[in-house]
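See below for the structure under consideration.
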There are 2 protein chains.
Amino acid sequence: MTSEPTRTEATEAGDDGPVSQTLARVSRLHRLSGGKLLRPTGLCSGQEFLMMTLWREGSVRQSELAKTLDLDPSTVTLMLRRLEQGGHVVRTRDPQDRRVMLVRASAESYALRPKVAQVWAQLEEHTLDGLDDEEREAFARILSKIEKNLSSTDDG
Amino acid sequence: MTSEPTRTEATEAGDDGPVSQTLARVSRLHRLSGGKLLRPTGLCSGQEFLMMTLWREGSVRQSELAKTLDLDPSTVTLMLRRLEQGGHVVRTRDPQDRRVMLVRASAESYALRPKVAQVWAQLEEHTLDGLDDEEREAFARILSKIEKNLSSTDDG
DNA sequence: GCGAGTTCATTGGTCGACCAACGAATTCAC
DNA sequence: GTGAATTCGTTGGTCGACCAATGAACTCGC
């Protein structure tokens with residue numbers, strides 16, 4: 001009665017259980033780790049993504065931001081509200097199209113940019129510590145494939 | 001030792017940017033995908049982890065559950081409240097130690113077990129679709145290493 | 001036996017993230 | 001130009017997840 005849950009029949013490799021499970025654990029740890037490193041900057045986990053986009057892109061529409069980050073519009077709304085209150089971003093209405101909110105990083109926020117970059121480098125190093133070049137390359141490649149797989153879920 | 005954060009130039013393979021970033025995206029997609037598959041069962045993303053633990057372990061202390069799932073106690077409290085309201089789990093006070101809450105899967109919940117298992121298999125397949133055995137093995141192995149890396153963050 | 005510390009769970013607060021529903025602005029059709 | 005779709009952002013509701021602090025129960029020391 002012990003069932004046999006994942007039986008893809010080819011599960012011989014180090015069985016930490018299904019990869020999905022490990023992936024979930026790893027991503028949580030990764031996020032947590034990133035959050036801790038990020039805290040000194042005053043940003044929360046996830047916000048750095050948004051800020052990096054703004055730093056790179058300049059002034060962008062909110063809808064564009066949501067698309068770029070692949071986030072729900074409502075998520076972006078809320079994140080931006082916090083970030084605006086924190087003085088990290090500036091939101092203005094597009095005079096051309098009054099529906100649109102144009103978002104850009106505040107001048108002060110640019111002081112965070114190198115810190116965030118450093119945190120990311122640190123996280124990257126911590127994540128990939130002990131992996132040789134070959135493994136890193138393989139991991140990046142496979143992860144990329146998986147991303148494509150999951151992107152094409154498109155619920156329909 | 002500063003500077004030159006990610007581009008160690010040895011990162012020639014498909015540069016989707018730092019792996020951390022891809023990992024974050026993938027994990028989000030993965031979670032989303034799992035959530036969608038899970039919805040018909042009435043469970044939310046993350047809850048299936050907990051249920052599977054209960055199904056496997058039987059009756060466990062809440063603290064034990066938190067440790068097993070590597071979650072914050074408060075997170076578990078809230079999850080269990082929802083799950084209890086949904087009739088998926090039963091919580092009882094340990095008469096031996098009245099601090100302790102003993103948690104077990106409800107009888108009805110066992111009907112979900114095979115469905116959840118199926119969802120997991122489905123997710124697994126969708127995630128790893130198009131990867132050959134070697135890649136799957138490599139991915140599992142590397143992921144495992146990364147998990148160890150991130151686990152040892154132990155902030156102090 | 002009584003107080004100090006520890007363990008356990010809960011509460012309150014914050015944030016990310018989703019979906020569904022809505023109102024406001026714009027575009028498209030006629 | 002008026003009305004119907006569409007786009008854009010917001011709001012409300014729900015859930016996962018964290019931290020910090022609190023209260024309840026137990027354990028240990030004396």
Side-chain angles (χ1 to χ4, degrees), chain A residues 24-25 27-39 41-51 60-86 88-89 91-103 153 155, chain B residues 24-25 27-39 41-51 60-86 88-89 91-103 153 155:
Chain A
R25 279 199 309 269
S27 78
R28 189 147 38 84
L29 289 171
H30 184 261
R31 181 181 192 78
L32 197 62
S33 195
K36 276 178 185 167
L37 289 173
L38 217 51
R39 193 172 299 172
T41 69
L43 293 178
C44 292
S45 192
Q47 298 184 332
E48 87 280 18
F49 252 99
L50 196 154
M51 291 309 298
V60 299
R61 297 202 230 11
Q62 195 166 315
S63 59
E64 199 60 37
L65 206 47
K67 203 180 299 178
T68 301
L69 298 171
D70 194 33
L71 289 178
D72 192 273
S74 61
T75 301
V76 176
T77 294
L78 222 57
M79 281 176 79
L80 285 177
R81 186 183 299 168
R82 321 267 189 206
L83 286 170
E84 190 179 31
Q85 284 184 332
H88 298 302
V89 307
R91 291 162 72 239
T92 56
R93 235 192 184 99
D94 185 346
Q96 254 65 43
D97 187 340
R98 292 165 50 76
R99 292 171 299 182
V100 172
M101 289 301 268
L102 293 175
V103 190
T153 304
D155 43 321
Chain B
R25 278 199 310 268
S27 77
R28 189 147 38 83
L29 289 170
H30 184 262
R31 181 180 193 79
L32 196 62
S33 195
K36 276 179 185 166
L37 290 172
L38 219 49
R39 193 173 299 169
T41 70
L43 293 177
C44 291
S45 192
Q47 298 184 332
E48 88 279 17
F49 253 99
L50 196 154
M51 291 309 298
V60 299
R61 296 202 238 355
Q62 196 166 313
S63 59
E64 200 59 39
L65 206 48
K67 205 179 297 180
T68 301
L69 299 171
D70 194 34
L71 288 178
D72 192 274
S74 60
T75 301
V76 176
T77 294
L78 221 58
M79 281 175 79
L80 286 178
R81 186 184 299 168
R82 321 267 188 204
L83 286 170
E84 191 179 32
Q85 284 184 332
H88 299 302
V89 307
R91 291 161 73 239
T92 55
R93 246 206 167 89
D94 185 345
Q96 254 64 43
D97 186 341
R98 293 167 47 75
R99 293 172 298 182
V100 172
M101 288 301 268
L102 293 176
V103 190
T153 306
D155 43 328

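The sequence lines fix the lettering, A, B, ..., with proteins before strands; numbering per chain opens at 1. Keep in mind it's a predicted model, so treat the numbers as computed, not measured.
Taking 4.5 Å as the limit, some side-chain heavy atom of L43(A) sits within range of a side-chain heavy atom of L83(A). Considering only heavy atoms from C-beta on, M79(A) stays 4.5 Å or farther from L69(A) through its side chain. Residues E64(A) and V103(A) are not in side-chain contact: their nearest non-hydrogen atoms beyond the backbone lie 4.5 Å or more apart.
Counting to the nearest Å, the P atom of dC15(D) and the CG atom of L38(B) are 14 Å from each other. Spacing between atom CG of L32(B) and atom C1' of dC15(D) amounts to 13 Å, rounded to whole angstrom units. L83(B) has its CG atom 16 Å from the C1' atom of dA9(C), to the nearest Å. Between the CZ atom of R82(A) and the C1' atom of dC15(C) there is a distance of 6 Å, rounded to whole Å. Rounded to whole Å, the distance from NE2 on H30(A) to P on dG16(D) is 23 Å. Atom CZ of F49(A) and atom C1' of dG16(C) are 13 Å apart (whole Å). The CD-C1' distance, from E64(B) to dT7(C), rounds to 13 Å in whole Å. Atom P of nucleotide dC18(D) and atom CZ of R39(A) are separated by 12 Å, given to the nearest angstrom.
Among the protein residues, R93(B) comes within range of no part of the nucleic acid, since none of its heavy atoms lies under 4.0 Å from any strand.
A close approach under 4.0 Å does not occur between any side-chain nitrogen or oxygen of S45(A) and OP1 or OP2 of dC15(C). In this structure, R81(B) does not reach the dC15(D) phosphate: none of its side-chain N or O atoms is under 4.0 Å from OP1 or OP2. For dT27(C), the OP1/OP2 oxygens have no side-chain nitrogen or oxygen of R98(A) closer than 4.0 Å.
In this structure, E84(A) contributes its side chain and R82(A) its backbone to no donor-acceptor pair below 3.5 Å. Using modelled atom types, one side-chain atom of R28(B) and one backbone atom of D70(A) make a donor-acceptor pair closer than 3.5 Å.
Residue Q47(B) places its side chain closer to dG16(D) than to any other of dC19(D), dG16(D), dA9(C). Between dT6(C), dT26(C), dA9(C), one nucleotide has an atom nearer to the side chain of R99(B) than all others, and that is dT6(C). Considering only the side chain of C44(A), dC15(C) comes nearest among dG16(D), dT6(D), dC15(C).
A pairwise comparison of heavy atoms in A66(A) and P73(A) identifies CB-CA, 4.3 Å as the closest pair.
DNA chain C is contacted by P73(B), S74(B), T77(B) of residues 66-78 of chain B, taking any non-hydrogen atom closer than 4.0 Å.
Residue order along DNA chain D, read from the 5' end via each residue's closest nucleotide, puts D97(A) first among G46(B) and D97(A).
With sequence neighbours left out, T77(B) forms a side chain to side chain donor-acceptor pair (under 3.5 Å) with Q62(B).
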